[in-house]
Amino acid sequence: MTETPAARAIRLLGLIDLAHRCRLTTDAVRKWPNSKGGYIPAPHQRRVLELAKEKGVTLTADDVIGGDAA
């Protein structure tokens with residue numbers, strides 16, 4: 001099975017860093033991979049990409065919106 005966008009973001013960027021960047025609790029971010037197909041909610045996608053860029057992690061818009069998870 002292909003890794004979901006949310007699972008990939010959590011693995012590469014870290015749960016705590018994602019939660020802080022998106023202004024959410026870690027519990028809220030932890031639910032992403034198991035809800036709505038494992039997609040990152042649209043209101044948080046830009047922040048996830050910004051965090052990836054700051055951390056030097058290769059994460060594309062297609063990765064975040066699920067372009068290759070379909």
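Sequential numbering from 1 along the given sequence is applied to the chain's residues.
- Between A6 and P33, the shortest heavy-atom distance links the atoms CB-N, 3.7 Å.
- Under the side chain to side chain donor-acceptor pair (under 3.5 Å) criterion, T60 pairs with D63, not counting sequence neighbours.
- For Q45 (side chain) and I65 (main-chain N/O), no donor-acceptor pair under 3.5 Å exists by modelled atom type.
- For the atom pair NZ of K31 and OG1 of T26, the computed distance is 10.5 Å after rounding to the nearest 0.5 Å.
- Contact check for C22 versus V48: side-chain heavy atoms found under the 4.5 Å cut-off.
- The CG atom of L13 lies 14.5 Å from the CZ atom of R47; values are rounded to the nearest 0.5 Å.
- By the side chain to side chain donor-acceptor pair (under 3.5 Å) test, K53 is found to be paired with no residue, residues two or more places apart in sequence or in another chain being considered.
- With sequence neighbours left out, the side-chain contact (heavy atoms from CB on, under 4.5 Å) criterion links T25 to D27, A28.
- Between V64 and P5 there is no side-chain heavy-atom pair separated by less than 4.5 Å.
- For the atom pair I10 CD1 and L15 CG, the distance stands at 5.5 Å (nearest 0.5 Å).
- Residues meeting the salt bridge (charged side-chain N to carboxylate O under 4.0 Å, His left out) test with K55, sequence neighbours left out: D17.
- Within the structure, ring-ring contact (aromatic ring centres under 6.0 Å, His included) contacts touching residues 2-33 (residues at least two apart or in different chains) are W32-H44.
- When the salt bridge (charged side-chain N to carboxylate O under 4.0 Å, His left out) test is applied to R21, the partners found at least two apart in sequence or on another chain are E50, E54.
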